[in-house]
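Heads up, the thing below is written out as structure tokens.
This is a predicted model, so every value here is computed, not measured. Protein chains get the first letters and strands the later ones, always in sequence-line order, with residue 1 at the start of each.
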Amino acid sequence: MRLSRYFLPVLKENPAEAQIVSHRLMLRAGMIKQAQAGIYSWLPLGFKVLRKLENIVHEEQMRAGHIPMLMPTLQSADLWRESGRYDDYGEEMLRITDRHGRDMLYGPTNEELITDIFRSHVSSYKDLPMTLYHIQWKFRDEIRPRFGVMRGREFYMKDGYNFDLTKEDALHAYNRHLVSYLRTYERMGLQAIPMRADGGPIGGDYTHEFLVLAETGESEVFYDSEVTDLSFGDRAIDYDSVEQCQAVLEEFTSRYARTDETHDEALFNEVPEDRRRVARGIEVGQIFYFGTKYSEAMGATVQDRDGKPVPVHMGSHGIGVSRLLGAIIEASHDDKGIIWPEGVTPFHAGIVNLKQGDEEADAACETLYAALEAAGLEPLYDDRNERAGGKFATMDLIGLPWRITVGPRGLKNGVVELTSRRTGESEEMPPEEAVKKLVKIYEGHLVKGL
RNA sequence: CGGGCUAUAGCGCAGUCUGGUAGCGCGUCCGUCUGGGGGACGGGAGGUCGUAGGUUCGAAUCCUGCUAGCCCGACCA
């Protein structure tokens, strides 16, 4: 993309309404624009990152054997009356009436809808196990939306639902989700720690939340410092293996790690004192096993081997995709702007032409731009007739992890400059070598965007 | 929902107390010079002052209602 043809309305000053750093940076980097309290338009740069996150989620869900689909945002109130949640959910649910006076709602979640689909089409234990998921906009009429996309009223969420014949099978689905979530967050450059959580209105005894540590997090968290040493890495895993998934769950959840909701001071004190940590975290996902709560209420049964109808065991699992943008920025920025992890960056490298209009510099930038695209990377070429300082400041603000600086001075010696946004370190090299180096850096990090 | 606050140009703000032709910085447009970390000079464009009503010869300014947004708290991906 050439910056001169892109739409990137960056702001030099901090908008008054934004208090936390991720919100400020998203506004300043021209990623979002507030439409109403807790409702945002996604401008091109923000939309590009959102799509990349979404695609990572899809890839990891499908890798785990889960099946993508799409359910509507508007749902029928009758389904929710059936589960009993139409009254339970309260003011947070946005209720709508259509022209015929029928009660509808903008879905805050999809347990009812998915259960209805399941019961209409699945009747045999032979069709199980099955896990369906979708990524769709949700609406929860929060009393007080804030922090930009971190607590919007409208938000983009992946929610998945597993259907299993037995509790044991459903718990394997639970473990499988935990593993796939660990992989998902790591690909996004995040450390998200699974912590024992509270069931909330969705209910259920087995539930973990995934928390990203950040000072601006809304939850207070208590953990054994050993949990932050764990990483899933690129180990191979068989998602169908009960033992392997169980082992990962034990590895990642056996140490003390809880949010304030479930915090137990006595248990926490059993952690050696030098490893006890109290911090704040941003919740970016949650997994539940809730047994037959919805299947019984809504008659979602299958016939077992003996031909008898039995309610299926279910769980649900969510990742707050739009919230992840805020969480990633909270976890990865400095006073100049965002620092995108390689896995989610909207563009892989920025090209800064120091002397736009200089024949040699322009030509070198064009060649470099074409070479990066040919190599499968997405460069952002700042071809505006701006001064160097302005171009650098924009690149730093929008946070591309790598920058190639092209100027007459370097070109005299046949070199350009490759700079890491994270460390600020620069290295001079011929343009072809910079391309090679970037290709290597992004190996395994390429995600389809827009 | 309880408590606090705000609304004036795309963004950040002054002007309101004490009513009298709506301003500044940034951005933006044009021109000249400049050119390795938001440069300089000159010239432009852009606002029914959130909204409805009231007081007044005259309202951004005073009064009343409404709306929207922000912050702290309790709730949530």
| Considering only the C1' atoms, how many Å lie between B:G27 and B:G12, rounded to the nearest integer? | 11 Å
| task | Look at the rings of A:F288 and A:F290 and say which category their plane angle falls in: under 30° parallel, 30 to 60° tilted, over 60° perpendicular. | result | tilted
| query | When all nucleic acid strands are considered with a 4.0 Å heavy-atom cut-off, which category describes A:E142: base, sugar-phosphate, or nothing? | reply | base
| message | Does A:G389 reach a base, just sugar-phosphate, or nothing at all? Heavy atoms under 4.0 Å. | response | sugar-phosphate
| query | Near RNA chain B, under 4.0 Å by heavy atom, which residues of residues 61-73 of chain A? | reply | none
| note | Checking B:G38, B:A74, B:G35 against the side chain of A:N385 (C-beta onward), the nearest is B:G35
| said: Would you measure the distance from the P atom in B:A59 across to the matching atom in B:C5 and give it in whole Å? | reply: 29 Å
| Pairs satisfying side-chain hydrogen bond (donor to acceptor under 3.5 Å, both in side chains), at least one member in residues 336-346 of chain A, at least two apart | A:E342-A:W402
| P atoms of B:A60 and B:C26, separation to the nearest Å | 27 Å
| task | Taking only heavy atoms on the protein side, list every residue of residues 320-343 of chain A lying under 4.0 Å from any atom of RNA chain B, sorted numerically. | result | A:G320, A:R323
| Ring geometry between A:Y174 and A:H208 (parallel below 30°, tilted from 30 to 60°, perpendicular above 60°) | tilted
| field | Given B:C76, B:A74, B:G35, the nucleotide with the shortest approach to the side chain of A:R144 | value | B:A74
| Nucleotide B:C75, atom P - distance to OH of A:Y89 in whole Å | 15 Å
| request: Round to the nearest Å and state the distance from A:E17 atom CD to B:C72 atom P. | output: 14 Å
| query | Taking atom C1' of B:C70 as reference, at what distance in whole Å does atom CD1 of A:I143 sit? | reply | 17 Å
| Greater than 12 external heavy atoms within 6.0 Å of A:R2's CZ | yes
| message | When the C1' atoms of B:C30 and B:C49 are compared, how many Å lie between them, rounded to an integer? | response | 29 Å
| B:G31 pairs with, by Watson-Crick or G-U criteria that keep both distances under 3.5 Å | B:C41
| Rounded to the Å, how far apart are A:L11 CG and B:G27 P? | 12 Å
| field | Whether A:F232 and A:F252 hold their rings parallel, tilted or perpendicular, with breakpoints at 30° and 60° | value | tilted
| Would you call the rings of A:Y133 and A:H58 parallel, tilted or perpendicular if under 30° counts as parallel and over 60° as perpendicular? | tilted
| query | Just checking A:A393: base, sugar-phosphate only, or nothing, at a heavy-atom cut-off of under 4.0 Å? | reply | base
| Lys/Arg-Asp/Glu bridge criterion (N-O < 4.0 Å) met for A:R63, A:E60 | yes
| query | Choosing from B:G38, B:C72, B:G37, which nucleotide comes nearest the side chain of A:R146? | reply | B:C72
| request: Using the P atoms only, state how far B:C17 lies from B:G4, rounded to an integer number of Å. | output: 24 Å
| query | Considering every strand shown, what is the Watson-Crick or G-U wobble mate of B:G73 when both distances are under 3.5 Å? | reply | B:C1
| query | Which word best sums up how the rings of A:Y89 and A:W80 line up, parallel for under 30°, tilted for 30 to 60°, or perpendicular for over 60°? | reply | perpendicular
| task | Report which part of the nucleic acid A:G407 touches: base, sugar-phosphate, or nothing (heavy-atom distance under 4.0 Å, all strands). | result | base
| message | Parallel, tilted or perpendicular, judged at 30° and 60°: which one describes the rings of A:Y40 and A:H23? | response | perpendicular
| query | Taking the same atom, C1', in B:U21 and in B:U48, what whole-Å distance lies between them? | reply | 16 Å
| task | May I ask you to check whether A:F268 and A:Y256 place their ring centers less than 6.0 Å from one another? | result | yes
| field | Distance in angstrom units between A:K355 NZ and B:C33 P, rounded | value | 13 Å
| query | Applying a 3.5 Å limit to both distances, which nucleotide forms a Watson-Crick or G-U wobble pair with B:U21? | reply | none
| said: By the definition salt bridge (Lys or Arg N to Asp or Glu O under 4.0 Å), identify the one residue from A:E428, A:E427, A:E432 that meets it with A:K437. | reply: A:E427
| note | Sorted by chain and residue number, the side-chain contact (heavy atoms from CB on, under 4.5 Å) partners of A:T423 (sequence neighbours excluded) come out as A:S420, A:E425
| message | Whole angstroms only, please: what is the CG-P distance between A:D396 and B:G38? | response | 12 Å
| request: Classify the nucleic acid contact of A:R403 as base, sugar-phosphate or nothing, counting any heavy atom under 4.0 Å across all strands shown. | output: base
| request: Scan every strand shown for a Watson-Crick or G-U wobble partner of B:C26, both distances under 3.5 Å, and answer none if you come up empty. | output: B:G10
| remark: Checking N1-N3 plus N6-O4 or O6-N4 for Watson-Crick, or N1-O2 and O6-N3 for wobble, each under 3.5 Å, the partner of B:G53 is B:C63
| said: From CG of A:L8 over to P of B:U28, roughly how many Å is that when rounded to an integer? | reply: 13 Å
| said: Tell me every residue that passes side-chain contact (heavy atoms from CB on, under 4.5 Å) with A:F147, counting only those two or more places apart in sequence or in another chain. | reply: A:I20, A:M150, A:E218
| message | On RNA chain B, does the nearest nucleotide to A:N14 precede the nearest nucleotide to A:V406 from the 5' side, or the other way round? Give the residue. | response | A:N14
| When you measure from the side chain of A:Q19, which nucleotide among B:G39, B:C70, B:C76 comes out closest? | B:C70
| field | Close residues, residues 31-57 of chain A, relative to RNA chain B [heavy-atom separation under 4.0 Å] | value | A:Q34, A:Q36, A:A37
| query | Rounding to the closest angstrom, what is the interatomic distance between B:G25 and B:U18 at atom P? | reply | 29 Å
| Side-chain ion pair, A:R422 and A:D334, N-O less than 4.0 Å | no
| For the base of B:G36, is there a side-chain donor-acceptor partner from A:E417 under 3.5 Å away? | yes
| Do A:F347 and A:Y6 have ring centroids that are under 6.0 Å from one another? | yes
| message | So if I take every side-chain heavy atom of A:K12 and compare against B:G38, B:G36, B:G12, which nucleotide ends up nearest? | response | B:G38
| Nearest-Å distance once atom C1' is located in both B:G10 and B:G20 | 30 Å
| field | Given RNA chain B, 5'-ward residue of the pair A:Y156 and A:P15, judged by closest heavy atom | value | A:P15
| field | Nearest-angstrom distance from the residue atom CD1 of A:I398 to P of B:G37 | value | 19 Å
